[in-house]
Amino acid sequence: MLQLSYIHENTAEVIKRLAVKNFKAEEIVNSIIEKDINRKKIKQDLEKNLAYANQIAKEIGALYKSGNISEANEKKEITKQLKETEKQLNQQLSVLESEVDQLLVQLPNLPYHLVKPGKTADDNEIILQEGYIPESTNNLPHWEIAAKYDIIDFELGNKVTGSGFPFYKNKGAKLQRALVSFFLDEASKEGYNEYEVPLVVNEASGYGTGQLPDKEGQMYHIGLDNLYMIPTAEVPLTNIFRDTILRAEDLPVKCTGYSACFRREAGSYGKDVRGLNRLHQFDKVEIVQIQHPSKSYETLENMKDYVAGLIRKLGLPFRILRLCGGDISFTSAMTYDMETYSIAQKKWLEVSSISNFESFQANRLKLRFRDGNNKTQLVHTLNGSALALPRIVACILENNQTPDGIKIPEVLVPYTGFDMI
RNA sequence: GGAGAGAUGGCCGAGUGGUCGAAGGCGCACGCCUGGAAAGUGUGUGUAUGCCAAAAGCGUACCAAGGGUUCGAAUCCCUUUCUCUCCGCCA
């Protein structure tokens, strides 16, 4: 969430920059400022009141000690009054605080200056495109390949759980395991610390990374215990550092983790969700960095290049997009999307999203570091998929078809133990 | 799941109604001592927020979380959460 002090000092700029995200902020921002000024005033009154009450309480203590009971009792009368005022001020304060808070969480993160305005995904900028794309082929879509080689069973998933929860079988299951291991090993080589994370998180964690409030609908919720199934390992990985103060020399903090990801994907139907294109449960290796504010964009570039390198090693044609204001997420300041090309489906599939959240998450997480002057300052957080499996698998299956079967990318062979499906 | 004990600053740990933001120790920072270091020694060392141009200073809140009793709560009461021990169950 945005910092109140920043909104106060840069009101016009906040409104202007949020317009790049097609967000009309004026009304909310003005309301926040008005309420916050009011809040501050009431808080000051309350604190004066409390200071006075504290002082009297001390005096009463002293009077009792010296045996001056009657004067002590007189003073008690004064405090009764004070308590009444205190109660009222407190009530007003908590109302205003929650109102300000409610408005504040509605404001998206400010887009970075490089983010162009735009309405939809069509307005995203293509930064780079790489790899050979044939004009036309007779390659089968992956759902047919999956059935032909008996490696992914969608119907079985349907029977046991529901649509969007496939079973991976035989060489399909081994390919999953190989990809996860490959991605984790690569991340380790790059200096990321590996974690195995809880697959469910509490409410505070959901709030910390920005899934809550408002995006409850995206997550599976376990009502009995009030826990949420994670939509990405970003949530537990980033929340490791909730409520912490790091030392400047600890930065950057780099961590990675594999997890199954669970997404309700309410409202998605049709051909986009065919096969592996959109699932309720899928596997992903995530990378997260916590970085000094002055270096976060340099880091974003590094992360983007790292993920591009992974795709290159897998031998898939891909492109990198810088998302426009209209397509960028609520919490992100700037995002690169990675898309690999499926030659059977003849379309680009998003396989990674790499974002700089600047201090937006850190502010909610209360994740800070001590700077040179020993002051605490919010860090910047970044994360990216490196990578999400299903669409990578779809592209491997669709692009690598040969008369002898599906060719496994060379880098994966040590992990799979076979080079053909 | 049952019974009991507990939760205090970066860590350990004292504190059962007032002078407690909290003794003492460890750690850390700076200084003295030293040729240099260790030892010794001195000083300092939480977070948030407000007043202030800023610093200094001062106010307020925070001793698991929330509520209550009281003029006054780390300390008493209630609720919740978590941890530990024993028992039960169990991959």
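Naming: A, B, ... by sequence-line order, numbering from 1 per chain. The shown structure was predicted, so the numbers you read here are calculated from the model rather than taken from an experiment.
Taking only side-chain nitrogens and oxygens, A:R370 never comes nearer than 4.0 Å to OP1 or OP2 of B:rU45.
At whole-Å resolution of the value, NZ in A:K41 and C1' in B:rU60 are 17 Å apart. Atoms CG (A:L46) and C1' (B:rA61) sit 10 Å apart, rounded to a whole Å. For A:I42 and B:rU60, the CD1 to C1' distance is 16 Å, given to the nearest whole Å. The separation between A:K43 atom NZ and B:rU49 atom P is 9 Å, rounded to whole Å. Atom CG in A:N90 sits roughly 12 Å away from atom C1' in B:rU60 (whole-Å rounding). When rounded to the nearest whole Å, the span between CG of A:D45 and P of B:rG59 equals 18 Å. Rounding to whole angstrom units, CG of residue A:L378 and C1' of B:rA48 are separated by 12 Å. We find that CG of A:N363 is positioned 12 Å from P of B:rA48, with the value rounded to whole Å.
Base pairing of B:rU47: its partner is B:rA61, meeting the Watson-Crick or G-U wobble criterion (both donor-acceptor distances under 3.5 Å). Across all strands shown, B:rG21 has no partner, as no Watson-Crick or G-U wobble contact with both distances under 3.5 Å is found. Across all strands shown, B:rG40 is found opposite B:rC32 as a Watson-Crick or G-U wobble partner, with both distances under 3.5 Å. If you check B:rA56 for Watson-Crick or wobble pairing at under 3.5 angstrom, you find it has no partner at all. Using Watson-Crick or G-U wobble geometry with both donor-acceptor distances under 3.5 Å, B:rC89 finds no partner in any strand shown. Pairing for B:rU75 is absent, with no Watson-Crick or G-U wobble pair whose two atom distances lie under 3.5 Å. Pairing for B:rA7 is with B:rU81, a Watson-Crick or G-U wobble pair whose two hydrogen-bonding atom distances lie under 3.5 Å.
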Exercise answer: donor-acceptor pairs, residues 190-198 of chain A side-chain atoms, under 3.5 Å, sequence neighbours excluded:
residue	atom	partner	partner atom	Å
A:Y192	OH	A:Q289	NE2	3.0

Please output the side-chain donor-acceptor pairs of residues 156-169 of chain A that fall under 3.5 Å, not counting sequence neighbours, one pair per line with the distance.
residue	atom	partner	partner atom	Å
A:N158	OD1	A:S163	N	3.3
A:K169	NZ	A:D150	OD1	2.9
A:K169	NZ	A:D153	OD2	3.2

Validation: residues 90-99 of chain A side-chain donor-acceptor distances under 3.5 Å, sequence neighbours left out:
residue	atom	partner	partner atom	Å
A:S94	OG	A:N90	O	3.4
A:S94	OG	A:Q91	O	3.1
A:S98	OG	A:S94	O	3.4
A:S98	OG	A:V95	O	3.1
A:E99	OE1	A:K35	NZ	2.9

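Nucleotides B:rC33 and B:rG42 are separated by 11 Å at their C1' atoms, to the nearest Å. Nucleotides B:rU75 and B:rG4, compared at atom C1', are 22 Å apart to the nearest Å. To the nearest whole angstrom, the two P atoms, one in B:rG46 and one in B:rA29, are 15 Å apart. Taking atom P on both nucleotides, B:rC77 is separated from B:rA22 by 26 Å, rounded to a whole Å. Using atom C1' as the reference point in both B:rA5 and B:rG9, the two lie 23 Å apart (nearest Å). Separation of the P atoms belonging to B:rU8 and B:rA3 is 25 Å when rounded to the nearest angstrom. Rounded to the nearest Å, the gap between the C1' atom of B:rU45 and that of B:rC52 is 25 Å. The gap from the C1' atom of B:rG72 to that of B:rU19 amounts to 12 Å, rounded to the nearest Å.
The side-chain heavy atoms of A:D250 and A:R247, taken from C-beta on, include a pair separated by under 4.5 Å.
Residues A:Q3 and A:N363 bring no donor and acceptor atom of their side chains to less than 3.5 Å of each other. Side-chain contact annotation: A:E398 with A:H142, donor-acceptor N/O pair under 3.5 Å present.
The side-chain hydrogen bond (donor to acceptor under 3.5 Å, both in side chains) analysis of residues 38-49 of chain A, with sequence neighbours excluded, yields the pairs A:D36-A:R39.
Here A:F183 contributes atom CZ and A:T256 contributes atom OG1; the two are 10.5 Å apart, rounded to the nearest 0.5 Å.
Under the salt bridge (charged side-chain N to carboxylate O under 4.0 Å, His left out) criterion, A:K295 pairs with no residue, sequence neighbours left out. Here A:K21 pairs with nothing under the salt bridge (charged side-chain N to carboxylate O under 4.0 Å, His left out) rule; sequence neighbours left out. Applying the salt bridge (charged side-chain N to carboxylate O under 4.0 Å, His left out) rule to A:E301 yields the partners A:K304; only residues at least two apart in sequence or on another chain are considered.
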Inset, instruction - Classify every nucleotide of nucleotides 69-82 of chain B by which part a protein heavy atom approaches to under 4.0 Å, writing B for the base, S for the sugar-phosphate alone and - for neither, in 5'-to-3' order. - result: -BBS----------

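Checking A:A51 against A:R368, the closest nucleotide of RNA chain B that is more toward the 5' end is the one next to A:R368.
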Atom pairs under 3.5 Å: protein N/O with N/O of nucleotides 50-56 of chain B:
residue	atom	partner	partner atom	Å
B:rG50	O3'	A:Q44	NE2	3.4
B:rG50	O2'	A:Q44	NE2	3.4

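Residue contacts shown for A:R247 are absent, as no nucleic acid heavy atom lies under 4.0 Å away.
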